[in-house]
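Data first, discussion second: the structure below is written as structure tokens.
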Number of protein chains: 2
Amino acid sequence: MLTQEKKQYNWKPIIRAFEAVVGKNAVVQRREELITYECDGLTSYRQRPAVVLLPRTTEQIAELVKICNKYSLSFIPRGSGTGLSGGALPLENSVLIVTSLMRQILDVDLDNQHIVVQPGVINSWVTQTVSGAGFYYAPDPSSQIICSIGGNVAENSGGVHCLKYGVTTNHVLGLKIVTPEGKILDLGGQVPEMPGYDLTGVFVGSEGTLGIATEITLRILKSAESICVLLADFASVEAAGASVSDIISAGIIPGGMEMMDNISINAVEDVVATNCYPRDAQAILLVEIDGLEVEVQVNKQRVAEICQQNGARNVTSASDPETRLKLWKGRKAAFAAAGHLSPDYYVQDGVIPRTQLPYVLQEIEALSQKFGYKIANVFHAGDGNLHPLILFDNAVPGALEKVEEVGGEILKLCVKVGGSISGEHGIGADKKCYMPDMFSDADLESMQWIRQVFNPKGLANPEKIFPTPRTCGEAANTNMKKFAGVEQF
Amino acid sequence: MLTQEKKQYNWKPIIRAFEAVVGKNAVVQRREELITYECDGLTSYRQRPAVVLLPRTTEQIAELVKICNKYSLSFIPRGSGTGLSGGALPLENSVLIVTSLMRQILDVDLDNQHIVVQPGVINSWVTQTVSGAGFYYAPDPSSQIICSIGGNVAENSGGVHCLKYGVTTNHVLGLKIVTPEGKILDLGGQVPEMPGYDLTGVFVGSEGTLGIATEITLRILKSAESICVLLADFASVEAAGASVSDIISAGIIPGGMEMMDNISINAVEDVVATNCYPRDAQAILLVEIDGLEVEVQVNKQRVAEICQQNGARNVTSASDPETRLKLWKGRKAAFAAAGHLSPDYYVQDGVIPRTQLPYVLQEIEALSQKFGYKIANVFHAGDGNLHPLILFDNAVPGALEKVEEVGGEILKLCVKVGGSISGEHGIGADKKCYMPDMFSDADLESMQWIRQVFNPKGLANPEKIFPTPRTCGEAANTNMKKFAGVEQF
């Protein structure tokens with residue numbers, strides 16, 4: 001368990017203060033109710049918070065944060081809790097501020113193409129709200145039917161369509177936030193590129209360490225006239241990888257370009273039976289082309305030809321919404337399907353320059369052989385964002401540690417080829433010990449400057465993002481490692 | 001003149017220290033040579049620096065900055081000096097660090113679509129370097145044949161093509177910087193969306209207040225297969241404005257969409273004689289469509305129809321490079337041409353939500369009538385980025401102050417309708433007194449936190465961006481106003 005400095009809290013007056021702000025029903029204290037909040041999507045680490053708060057307004061959050069400051073209590077912001085890097089993992093004696101009751105769409109301005117939402121609004125609701133008028137919200141994490149916009153902002157979430165349209169930070173125009181000291185600030189606005197320092201950009205991806213976003217102005221896009229999905233199957237992963245490079249080199253930017261390897265294909269067919277993915281393919285590519293009808297027709301042809309030139313055994317395509325959905329269904333279910341291959345899996349998230357794809361996939365295979373764990377590969381191929389799924393059994397003593405080691409090796413490989421240790425899942429509690437592999441001491445120190453000025457008491461989501469101590473090896477004797485002792489429930 | 005706290009400097013040992021780093025030839029002290037550096041593109045304010053330094057490497061800049069720290073000397077970074085908000089305006093007794101000798105292209109990686117350049121590299125050189133291989137660099141300020149990438153980064157410059165492709169910050173992947181204390185840091189990297197706080201985003205647009213970028217990794221894009229420019233002429237500004245809204249509403253995102261009013265049209269025809277722009281048009285729209293040939297054909301047709309539906313008198317188009325260049329020539333020369341209409345002009349830069357275009361143009365006309373100054377309008381219509389050019393004669397006592405008042409009224413109008421006081425020229429020395437119109441005290445204070453941690457002694461480009469004191473009115477009795485006393489040379 002992550003542990004704050006041992007300290008006795010007299011909870012009674014604190015709880016009374018919280019209740020005075022949000023009401024008794026919005027202060028959760030009962031053990032069985034708190035269990036839900038012990039972890040986020042990174043389920044292998046758990047810690048029960050002292051109390052969970054469910055505010056409804058910006059002003060309530062500001063008041064709650066002030067109370068945390070008064071009593072020097074750590075607070076951890078949480079949306080839907082679907083994050084995969086432990087960004088919403090509680091500390092002992094910490095307060096969870098959960099935005100699940102803040103689910104109002106505050107404003108829709110179709111003419112100027114933006115929408116203002118509360119942080120608890122579910123990602124897919126944004127598109128649902130504006131789709132009738134021919135608009136959509138681009139960032140689409142696999143968890144989009146349950147993850148919240150506040151969480152997306154905290155983790156700078158990506159998704160299938162981020163290849164062409166960019167991740168969350170490219171779609172946030174403005175934010176109202178409550179700072180770690182309880183001040184209410186407005187960052188950015190309703191037009192892009194406001195003057196002064198880009199604090200909106202700093203806040204997006206800050207994983208709750210710089211405060212809590214309470215109103216979010218999102219850019220919405222006009223839906224494309226036509227969309228087509230191609231499915232190409234390959235006898236080798238290398239051939240699929242080469243096709244990805246060639247498609248981009250040809251100047252085509254697909255709406256999305258995803259790759260799945262043989263293990264993932266079979267897992268998906270076992271579980272959701274799309275009956276579209278050939279079980280003997282070593283890799284499939286799913287390429288979505290969007291734009292004008294004429295443009296889609298031309299690019300569809302070009303993509304198919306490139307895949308065939310790289311030895312694709314078969315290329316099919318679908319333009320009607322139903323078949324497109326069917327082709328995507330397997331990809332969207334890939335993580336869940338991996339859960340059927342083995343008792344547990346560990347999903348990694350790293351980025352590499354696209355041209356390094358064949359080399360890195362070979363090296364991942366070598367790590368799989370060396371450590372004796374099967375690794376399924378599902379990823380945003382177009383932007384080099386890998387998601388290796390390491391399959392293991394957490395009931396085997398020491399397995400989690402071994403798997404984390406494999407995950408760490410994969411991240412180091414990403415850094416070695418000029419990539420990054422996170423594409424879209426954030427650093428959270430899970431990967432902070434790899435930050436020094438990517439950044440120098442001076443670089444990390446400059447990020448800490450930002451944290452310290454926003455969060456001088458360190459109460460907002462402590463022990464996340466930044467490594468203390470410096471390396472994973474050193475971490476073995478500290479709090480960081482302690483919470484690998486999984487608390488069962 | 002802006003004045004630092006009055007202080008006597010013993011320049012001899014300082015100059016010797018500078019010379020030890022960069023050599024005698026790279027330390028400029030002679031009065032007649034310093035004149036060049038008295039102002040940037042905002043020529044109405046001037047101040048001679050004490051010394052100008054011309055380093056060639058990151059390490060030299062770090063050493064120079066350390067010397068400035070040792071002697072508590074303010075330093076002002078400067079690229080080509082084409083900025084329009086006085087971002088590179090010297091202070092008395094300040095040191096100018098000019099990057100004009102840092103003009104190397106350090107790396108070109110076409111496969112991964114990025115290029116690494118020194119800050120003095122001229123904007124248009126980037127495209128020239130990669131165009132043979134079918135790539136280009138998107139941000140294209142009108143000054144692109146002379147402005148430097150370092151200056152573009154400092155001011156987060158835009159340009160005609162930023163409607164579709166985004167401003168400078170969307171194209172900077174990574175930066176090597178020298179901090180205001182002389183540390184060398186690496187921000188970002190070679191893949192987009194690195195973990196940790198987005199310090200690259202904070203640095204871009206920080207106008208030299210957070211340090212000096214010494215190596216810049218830029219994203220390059222694949223050139224479009226086909227490009228077409230349409231010229232539509234209108235009997236009213238409102239009809240042109242309505243066309244802009246309708247084009248965007250139709251889901252078309254032109255590569256660029258520019259509007260010029262009657263005054264600008266005639267100025268341009270007088271000076272560069274494109275013979276393309278009808279002198280009796282109240283407004284023209286230049287719309288550039290890029291993409292696949294088939295896509296361009298369809299969108300060209302749709303844009304023409306939309307313009308005609310809004311009453312365009314004539315719509316012509318050109319796809320061959322020579323005629324396209326001719327159509328753009330007038331727009332690119334518009335600022336220079338305004339110089340022929342009156343002895344002086346003051347160019348404003350504000351942003352409005354696109355839907356407010358007709359209203360704001362009417363209000364600008366009303367201001368023109370009220371104050372008795374002609375105002376020419378040339379602007380990036382697609383993204384609501386206005387560039388009113390207020391024509392005046394600086395030899396008339398008090399005219400500059402009056403014109404600044406008009407400019408201020410225009411900015412307040414932009415803020416009132418939900419826009420911004422700067423689209424792409426930065427705040428610099430010129431607009432800092434309008435920051436409180438746009439940001440609350442708390443918002444401005446949070447920006448100051450960033451400045452203070454990066455720039456604790458305040459030596460890097462002081463008295464820029466942030467208002468001291470708070471309002472333009474109050475400023476009348478301070479240093480800020482003093483430098484309105486134009487020093488002739």
Side-chain angles (χ1 to χ4, degrees), chain A residues 111-112 134 156 158 167 169 179 183-187 189-199 201-202 204-206 222-223 225 245 249 251 291-292 294-295 298-299 351 353-355 384 418-424 426-427 435 438-440 442-443 446-447 449-454 465, chain B residues 111-112 134 156 167 169 179 183-187 189-199 201-202 204-206 222-223 225 245 249 251 291-292 294-295 298-299 351 353-355 383-384 418-424 426-427 435 438-440 442-443 446-447 449-454 465:
Chain A
D111 287 339
N112 291 302
N156 192 16
V167 294
T169 195
T179 71
K183 271 190 203 166
I184 297 170
L185 294 184
D186 290 294
L187 313 181
Q190 301 196 335
V191 293
E193 306 315 328
M194 305 275 276
Y197 303 141
D198 181 16
L199 297 183
V202 173
V204 177
S206 64
K222 196 83 183 167
S223 307
E225 179 184 293
S245 279
S249 295
L292 292 180
V294 287
E295 179 189 0
V298 170
N299 277 334
V351 182
R354 210 163 28 233
T355 48
S420 162
I421 60 173
S422 173
E424 55 183 11
I427 298 299
M435 289 288 274
M438 206 167 159
F439 296 104
S440 71
D443 296 349
S446 64
M447 292 190 200
W449 294 343
I450 307 283
R451 184 172 191 151
Q452 279 156 15
V453 285
F454 270 85
I465 305 182
Chain B
D111 286 338
N112 291 303
N156 192 16
V167 293
T169 193
T179 71
K183 271 190 204 167
I184 298 170
L185 293 184
D186 290 293
L187 312 181
Q190 302 196 333
V191 293
E193 304 319 328
M194 304 277 275
Y197 303 140
D198 181 17
L199 298 183
V202 173
V204 178
S206 64
K222 195 82 185 167
S223 307
E225 180 184 292
S245 279
S249 295
L292 292 179
V294 287
E295 180 188 359
V298 170
N299 278 334
V351 182
R354 207 163 31 232
T355 49
D383 35 19
S420 162
I421 59 171
S422 171
E424 53 183 13
I427 298 300
M435 288 289 273
M438 204 167 162
F439 297 102
S440 71
D443 297 348
S446 63
M447 290 188 201
W449 295 342
I450 307 284
R451 184 172 191 154
Q452 278 156 17
V453 286
F454 270 85
I465 305 181

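Here is the naming used below: chain letters follow the sequence lines, and residue numbers restart at 1 for every chain.
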Item to check | Contacting moiety of B:Leu185, where chain A heavy atoms sit under 4.5 Å | outcome: both

Checklist outcome for this item: B:Gly196 and A:Met447 have their tightest heavy-atom pair at CA-SD, 3.7 Å

Item to check | Contact class of A:Leu199 relative to chain B, heavy atoms under 4.5 angstrom | outcome: side chain

Item to check | Atom group of A:Ser223 that falls short of 4.5 Å from chain B, counting heavy atoms | outcome: neither

Checklist entry - Do B:Asp111 and A:Thr355 have side-chain atoms, one donor and one acceptor, less than 3.5 Å apart? => result no

Item to check | For A:Lys183, all residues meeting salt bridge (Lys or Arg N to Asp or Glu O under 4.0 Å), sequence neighbours excluded | outcome: B:Glu445

Next on the checklist: Does any part of the side chain of B:Tyr197, heavy atoms only, come nearer than 4.5 Å to the side chain of A:Ile465, both counted from C-beta?
Outcome noted: yes

Checklist outcome for this item: Highest number of heavy-atom pairs under 4.5 Å with chain A among B:Glu424, B:Gln452, B:Arg354, B:Gln190 belongs to B:Arg354

Checklist entry - For A:Asp198, which residues count as a side-chain hydrogen bond (donor to acceptor under 3.5 Å, both in side chains) partner, sequence neighbours excluded? => result none

Item to check | Interatomic spacing from OG in A:Ser440 to CD1 in B:Ile184 - rounded to 0.5 Å | outcome: 10.5 Å

Next on the checklist: Is B:Val294 close to chain A through its backbone or its side chain, or both, or neither, when contacts mean heavy atoms under 4.5 Å?
Outcome noted: both

Next on the checklist: What I'd like to find out is whether the side chain of A:Val453 reaches to under 4.5 Å of the side chain of B:Phe454, using heavy atoms alone.
Outcome noted: no

Item to check | Nearest-0.5 Å distance that lies between atom CG in B:Asn299 and atom CG in A:Leu292 | outcome: 4.5 Å

Checklist outcome for this item: Of the listed B:Val191, B:Ile450, B:Asp443, B:Ile427, the one with the largest count of heavy-atom pairs under 4.5 Å with chain A is B:Asp443

Item to check | Portion of B:Asn156 that has a non-hydrogen atom of chain A nearer than 4.5 angstrom | outcome: side chain

Next on the checklist: With heavy-atom distances below 4.5 Å as the criterion, would you say the side chains of A:Met438 and B:Pro195 are in contact?
Outcome noted: yes

Checklist outcome for this item: The interface call for A:Ser249 against chain B, heavy-atom contacts under 4.5 Å, is backbone

Checklist entry - Do you know which of B:Gly423, B:Gly384, B:Gly251, B:Gly291 has the most heavy-atom pairs under 4.5 Å to chain A? => result B:Gly251

Next on the checklist: Which one wins on heavy-atom pair count under 4.5 Å against chain B: A:Val204, A:Val202, A:Ile421?
Outcome noted: A:Val202

Next on the checklist: Is B:Ser245 close to chain A through its backbone or its side chain, or both, or neither, when contacts mean heavy atoms under 4.5 Å?
Outcome noted: neither

